[in-house]
Amino acid sequence: MTDAPSRLLVLVRHAKAESGEEGSDHDRRLTDKGRRAAAEAGRWLSGHAPALDVVLCSSATRAQQTWDAMSASLRAGEIRVERAMYLAGAQEVLDAVASAGARTTAVVGHNPTIE
């Protein structure tokens, strides 16, 4: 029996976002503190994880901004911004990761799913 190659899944909840009292939840943006925290998370991750083969990112503005801030410190192959990741539950995320078929995958999404 041959051992299957190891796989790595990195789960990222978007960084601190505006309260969302005005406008659409999907369009909420990161706060300045959130941008700084996301950049710091990217720097940390670059020292602890290999290059990412695939990034599955929610289409929500705050998730995309989180990835943008993190990506300055990371190497990534394919970036997929997907509306389905916005309201995805745990099983949908796992299905998307499985169908990506990558050795190293990051998901940038939302709670409660990421939690």
Side-chain angles (χ1 to χ4, degrees):
M1 185 165 133
T2 306
D3 289 340
S6 63
R7 294 175 70 188
L8 177 66
L9 174 59
V10 178
L11 298 174
V12 178
R13 183 211 179 248
H14 66 79
K16 177 77 174 156
E18 299 170 337
S19 67
E21 294 173 6
E22 298 177 20
S24 162
D25 179 68
H26 190 269
D27 297 332
R28 288 173 46 210
R29 302 180 63 74
L30 292 184
T31 62
D32 290 340
K33 181 178 179 179
R35 287 180 198 279
R36 288 190 301 272
E40 184 177 325
R43 288 189 294 274
W44 179 89
L45 186 58
S46 72
H48 293 85
L52 303 168
D53 298 319
V54 175
V55 176
L56 303 174
C57 184
S58 162
S59 62
T61 300
R62 61 194 178 276
Q64 291 184 67
Q65 289 178 326
T66 297
W67 171 248
D68 287 345
M70 290 180 70
S71 69
S73 299
L74 296 167
R75 292 178 309 159
E78 184 179 0
I79 314 301
R80 298 182 194 169
V81 176
E82 298 184 0
R83 178 77 181 197
M85 292 291 104
Y86 173 55
L87 296 176
Q91 190 59 56
E92 287 108 347
V93 169
L94 290 173
D95 291 346
V97 168
S99 70
R103 183 164 180 228
T104 305
T105 304
V107 175
V108 183
H110 310 271
N111 278 346
T113 301
I114 296 300
E115 189 175 74

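With sequence neighbours left out, the side-chain hydrogen bond (donor to acceptor under 3.5 Å, both in side chains) criterion links Ser58 to His110. The side-chain contact (heavy atoms from CB on, under 4.5 Å) check on Gln91 picks up Leu94, Asp95, with sequence neighbours excluded. Among residues two or more places apart in sequence or in another chain, the side-chain contact (heavy atoms from CB on, under 4.5 Å) test is passed with Asp68 by none. Applying the side-chain contact (heavy atoms from CB on, under 4.5 Å) test to Ala15 and every residue at least two apart in sequence or in another chain returns Leu30, Ala38, Thr66. Listed by chain and number, the residues in a side-chain contact (heavy atoms from CB on, under 4.5 Å) with Ala37 amount to none (sequence neighbours excluded).
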Which atom pairs, one a donor and one an acceptor, fall under 3.5 Å between side chains of residues 76-89 and the rest of the protein, sequence neighbours left out?
| unit_1 | atom_1 | unit_2 | atom_2 | d |
| --- | --- | --- | --- | --- |
| Glu78 | OE1 | Arg80 | NH2 | 3.4 |
| Glu78 | OE2 | Arg80 | NE | 3.0 |
| Arg83 | NH1 | His26 | NE2 | 3.1 |
| Tyr86 | OH | Asp25 | OD2 | 2.5 |
| Tyr86 | OH | His26 | N | 3.4 |

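The list of side chain to side chain donor-acceptor pair (under 3.5 Å) pairs with a residue in residues 9-19, not counting sequence neighbours, reads His14-Arg62. Every pair passing ring-ring contact (aromatic ring centres under 6.0 Å, His included) that includes a residue from residues 43-64 is listed here, sequence neighbours excluded: Trp44-His48. Residue pairs meeting the salt bridge (Lys or Arg N to Asp or Glu O under 4.0 Å) criterion with at least one member in residues 33-56: none, sequence neighbours excluded. The ring-ring contact (aromatic ring centres under 6.0 Å, His included) analysis of residues 56-80, with sequence neighbours excluded, yields no pairs.
Rounding to the nearest 0.5 Å gives a distance of 10.0 Å between CG of Leu11 and OG1 of Thr113. The distance from atom OG of Ser99 to atom CG of Leu56, rounded to the nearest 0.5 Å, is 7.5 Å.
Grouping the Ile, Leu, Val, Met, Phe, Trp and Tyr side chains by contacts below 4.5 angstrom, directly or via other members, places Val12 with Leu52. In the hydrophobic clustering of ILVMFWY residues, with side-chain heavy atoms under 4.5 Å counting as a link, Val108 and Val10 come out together.
A pairwise comparison of heavy atoms in Gly42 and Leu74 identifies O-CD2, 3.7 Å as the closest pair. Taking every heavy atom of both residues into account, Ala17 and Arg28 meet most closely at CB-NH2, 3.5 Å.
Ser46 places none of its side-chain heavy atoms less than 4.5 Å from the side chain of Met70.
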